[in-house]
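One structure is given here, and the rest of the page talks about it.
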There are 2 protein chains.
Amino acid sequence: MDEDKSTRVMVRNITDLARLAGVSPGTVSRALAGKSLVNAKTREKIEALAREHGFRPNQMASGLRRQKTGVIGVVIPLGHDTRQQISDSFFMTLLGYLADELTRQGYDLMLRRVVPEEDSDWLDRFIGSGMIDGVIVIGQSDQFDRIEDVADGYGPMVVWGNHTEGQRHCVVGTDNRLGGRMAAERLIAAGAQRIAFLGDTTPMEFAARFAGAQDVATRLGLPPVLALPTHLSPDRASEEIAAHLSAHAGAIDGIFAATDTLAALCLTELRGQGIAVPRDVKLTGFDDLPIARQTVPPLTTVRQDIAAGARGLVDLLLRRLAGETTESLVLPPELVVRETA
Amino acid sequence: MDEDKSTRVMVRNITDLARLAGVSPGTVSRALAGKSLVNAKTREKIEALAREHGFRPNQMASGLRRQKTGVIGVVIPLGHDTRQQISDSFFMTLLGYLADELTRQGYDLMLRRVVPEEDSDWLDRFIGSGMIDGVIVIGQSDQFDRIEDVADGYGPMVVWGNHTEGQRHCVVGTDNRLGGRMAAERLIAAGAQRIAFLGDTTPMEFAARFAGAQDVATRLGLPPVLALPTHLSPDRASEEIAAHLSAHAGAIDGIFAATDTLAALCLTELRGQGIAVPRDVKLTGFDDLPIARQTVPPLTTVRQDIAAGARGLVDLLLRRLAGETTESLVLPPELVVRETA
DNA sequence: AGCTTTCTTGCAAACGTTTGCAACAGAAAT
DNA sequence: ATTTCTGTTGCAAACGTTTGCAAGAAAGCT
């Protein structure tokens with residue numbers, strides 16, 4: 001019954017509400033925005049009316065006028081292997097934390113996945129749309145240069161990825177090279193001598209992990225780490241891993257997988273070929289995703305603190321939004337020893 | 001050099017560009033929108049100028065004027081267990097496909113995770129923001145009634161979840177009850193008699209899976225299926241599962257886990273307690289996530305076609321956006337027999 | 001009583017597009 | 001030569017907010 005009365009008069013905008021309240025639109029705007037310059041009684045009345053009619057100021061209009069939208073863009077550039085990240089739980093988990101953190105700070109999140117090869121303009125297009133106040137790029141993929149270009153002219157951007165000496169864009173990420181060293185050191189400590197790196201070394205993060213492992217091999221005078229390029233999509237990865245394993249059977253006794261996902265697949269293949277882990281071959285992953293505890297045997301891996309990463313990304317972005325210039329944030333990896341190495 | 005000349009004059013809006021091109025803003029708008037009523041030469045000139053200056057019409061303004069934004073809202077209601085879905089790869093995978101599908105259709109995706117308990121107004125707030133043309137709700141959680149309420153007054157909404165006879169909101173989802181029957185039948189075919197359901201039965205999807213299993217038990221005159229409530233967050237789940245297992249040791253010989261994730265954890269606990277799978281206890285999961293192939297032994301499970309689900313959600317939403325009224329879409333589950341049952 | 005000061009409010013001009021309407025040119029038809 | 005048409009363009013009013021400025025009222029001060 002009260003229902004009826006209130007729904008009869010449709011309140012489409014601030015002006016309608018102003019008419020009902022007997023004040024001017026400006027006052028309504030101020031009341032709803034919680035500004036201090038409006039009388040307590042007036043505000044109460046307006047708020048009550050707004051509640052009763054389920055009215056909310058239009059964010060598009062507000063955004064247009066204020067020249068800010070309250071929306072942060074999150075973009076995931078997909079490499080050549082388009083489907084690659086779809087199942088990559090690392091990025092998805094990061095996205096989850098990012099969503100929580102942005103929400104906590106009162107921002108909305110606009111998600112976009114792009115294929116840079118089909119659309120070289122992906123980043124400018126997103127930024128230039130006027131829909132977002134800032135942008136978080138998840139993963140540099142092979143777009144390092146493009147990102148650098150943009151960074152020169154556009155402040156509010158933070159990137160998840162690998163930090164390179166002297167780069168111009170602000171990045172948050174794990175110290176992949178150090179992580180790579182940790183993994184290799186662990187493999188060796190567990191008794192491995194001839195180490196292979198399982199994964200594509202084109203993306204910067206992976207290249208750094210590989211380099212870290214190589215550092216250790218060189219330092220200790222071991223044979224160089226063997227790179228076994230592997231796609232990330234689970235279907236292709238399995239066969240590729242199988243092929244690698246038969247090609248190098250007996251020639252390697254330690255495998256550093258670029259990712260826990262890869263490590264888990266590798267473990268399955270090793271089992272299939274009757275190679276015992278860690279007896280015959282030691283294995284480490286990277287990320288410490290939930291799956292790392294659930295493999296048999298559970299995976300020794302290098303942990304990335306995803307939650308801290310998400311917080312870092314958001315924190316730096318907000319600082320940049322406020323006009324600060326910020327340094328990159330490099331997070332320490334942590335070795336988690338379980339049973340595969 | 002050319003660089004310089006073009007960047008010196010900043011083109012902030014359509015009016016600036018119009019001035020450069022020597023035409024009116026209206027013409028620029030029409031040219032950039034690809035309307036037919038503008039002369040070919042004029043259009044070319046305008047497009048060239050726009051390209052040269054990297055100008056893109058402001059989507060906020062455009063959205064405001066046209067009363068549509070080109071953005072679809074995707075909202076994930078988090079149950080009481082806030083952290084619950086963060087690691088739930090099912091929702092995250094669905095989200096990935098959704099992003100792809102929406103992009104393909106020329107829409108942007110605005111992501112919001114909400115905790116209904118802290119904000120009973122979550123759905124209206126999103127819809128009323130004026131920022132989105134339509135909304136996809138991922139998971140009914142315990143918000144069935146709230147969604148029903150909204151559905152009456154708001155057309156462009158599609159929900160991922162369970163279909164209930166006579167409901168008013170348009171839903172896309174797997175036939176969970178049928179899936180539950182499949183799982184139970186398989187457990188029984190593998191030799192189980194006393195079956196337990198591992199998972200919280202509050203969410204509708206899970207309740208339906210449980211009911212399906214119960215159907216089968218009743219039909220075959222077996223003891224009723226035992227509900228073992230379990231949280232989804234991995235940390236709590238493990239202990240809870242362990243507790244369940246010791247409490248009912250020997251009393252159950254078949255476990256239907258609500259989720260592959262839960263099944264995988266369960267498998268680990270079973271192994272820990274020295275219970276052989278499938279010899280002592282048969283086990284099935286639900287979803288057929290990548291992890292299902294990687295457990296030891298690999299998981300027998302009920303497959304949901306996530307890609308088809310995403311396509312269905314988007315397809316139905318676009319139809320509704322166009323004014324159609326659409327029926328719900330119930331997808332068939334598929335039993336995938338591996339080695340745990 | 002007159003003069004500041006402090007609170008509240010209204011007015012109107014933005015923000016950057018889109019689009020109905022009208023105008024104009026040139027071409028085609030009468 | 002007049003009319004009708006077609007194809008392009010410009011004009012100006014929206015879309016729904018926010019906010020600087022000014023005005024009015026109430027209250028405090030001398």
Side-chain angles (χ1 to χ4, degrees), chain A residues 9-47 49-50 53-71 106 108 125 127-133, chain B residues 9-47 49-50 53-71 106 108 125 127-133:
Chain A
V9 184
M10 246 323 222
V11 177
R12 320 204 138 286
N13 52 38
I14 235 173
T15 314
D16 289 354
L17 198 64
R19 199 172 308 125
L20 284 187
V23 297
S24 80
T27 305
V28 173
S29 171
R30 285 187 271 251
L32 261 31
K35 305 251 183 188
S36 55
L37 347 67
V38 45
N39 180 288
K41 267 223 307 259
T42 319
R43 138 163 313 125
E44 244 172 72
K45 185 170 168 188
I46 293 176
E47 280 174 347
L49 239 30
H53 292 266
F55 173 77
R56 268 168 255 292
N58 181 307
Q59 283 206 54
M60 280 270 160
S62 164
L64 178 59
R65 168 64 225 232
R66 308 205 340 262
Q67 296 292 82
K68 51 175 58 186
T69 66
V71 180
D108 264 314
R125 186 197 303 288
I127 291 171
S129 72
M131 286 281 266
I132 57 178
D133 291 343
Chain B
V9 184
M10 245 322 222
V11 178
R12 320 203 140 285
N13 53 36
I14 235 172
T15 313
D16 288 353
L17 197 65
R19 199 173 308 123
L20 284 186
V23 296
S24 79
T27 305
V28 173
S29 170
R30 284 186 273 252
L32 261 31
K35 305 251 185 187
S36 54
L37 350 67
V38 45
N39 181 289
K41 271 228 295 271
T42 319
R43 139 160 314 124
E44 244 172 73
K45 184 169 168 189
I46 293 175
E47 281 174 348
L49 239 30
H53 292 266
F55 172 77
R56 268 169 255 291
N58 181 307
Q59 283 205 54
M60 280 270 158
S62 165
L64 178 58
R65 169 63 224 232
R66 306 205 341 264
Q67 296 292 83
K68 52 174 56 185
T69 65
V71 180
D108 265 312
R125 185 196 305 286
I127 291 171
S129 71
M131 287 280 268
I132 57 178
D133 291 342

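Chain letters run A, B, ... following the sequence lines, proteins first and then strands; every chain starts at 1.
- Looking at B:R30, its side chain never comes within 3.5 Å of a backbone N or O of B:R43 through a donor-acceptor pair.
- Rounded to the nearest 0.5 angstrom, A:I127 CD1 and A:I132 CD1 are separated by 6.5 Å.
- Using a 4.5 Å heavy-atom threshold, the side chains of A:Q59 and A:V71 count as separate.
- With contacts defined as side-chain heavy-atom distances shorter than 4.5 Å, the pair A:I46/A:V23 qualifies.
- Note that the CZ atom of A:R19 and the OG atom of A:S24 stand 12.5 Å from one another [nearest 0.5 Å].
- Across all strands shown, B:T27 has heavy atoms under 4.0 Å from sugar-phosphate atoms exclusively, and none from any base.
- Between B:V28 and B:P25 there is no side-chain heavy-atom pair separated by less than 4.5 Å.
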**Request:** Show the numbers, then the answer: is there a side chain to side chain contact (heavy atoms under 4.5 Å, CB included) between A:F55 and A:I14?
**Result:** CA-CA 8 Å; A:F55 173 77; A:I14 235 173; 4.3 Å; yes
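- A residue-by-residue look at B:R30 and B:R56 shows that B:R56 has its nearest nucleotide of DNA chain C further toward the 5' end.
- In this structure, CZ of B:R43 is placed 13 Å from C1' of D:dG7, rounded to the nearest angstrom.
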**side chain to side chain contact (heavy atoms under 4.5 Å, CB included) between B:H53 and B:L20, worked out** = CA-CA 11 Å; B:H53 292 266; B:L20 284 186; 3.7 Å; yes
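- A heavy atom closer than 4.0 Å to some atom of DNA chain C occurs in B:A61, B:S62, B:R65, B:R66, these being the qualifying members of residues 60-69 of chain B.
- A donor-acceptor pair under 3.5 Å links the side-chain atoms of B:T69 to the main chain of B:M131, judged by distance alone.
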For nucleotides 23-28 of chain D, give me every protein contact, N/O to N/O, under 3.5 Å, one pair per line with atom names.
none

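- Residue contacts for A:K41: at a heavy-atom cut-off of 4.0 Å it reaches no nucleic acid atom on any strand shown.
- Residues B:K45 and B:T42 form no side-chain contact, since every pair of their non-hydrogen atoms from C-beta on lies 4.5 Å or further apart.
- Looking at which nucleotide of DNA chain D each of B:N39 and A:T15 is closest to, the 5′-most match is held by B:N39.
- In summary, contact between chain B and DNA chain C, defined as any nucleotide atom under 4.0 Å from a heavy atom of the protein, begins and ends at C:dG16 to C:dG20 in the 5' to 3' direction.
- A side-chain donor-acceptor contact under 3.5 Å links B:D133 to the backbone of B:G70.
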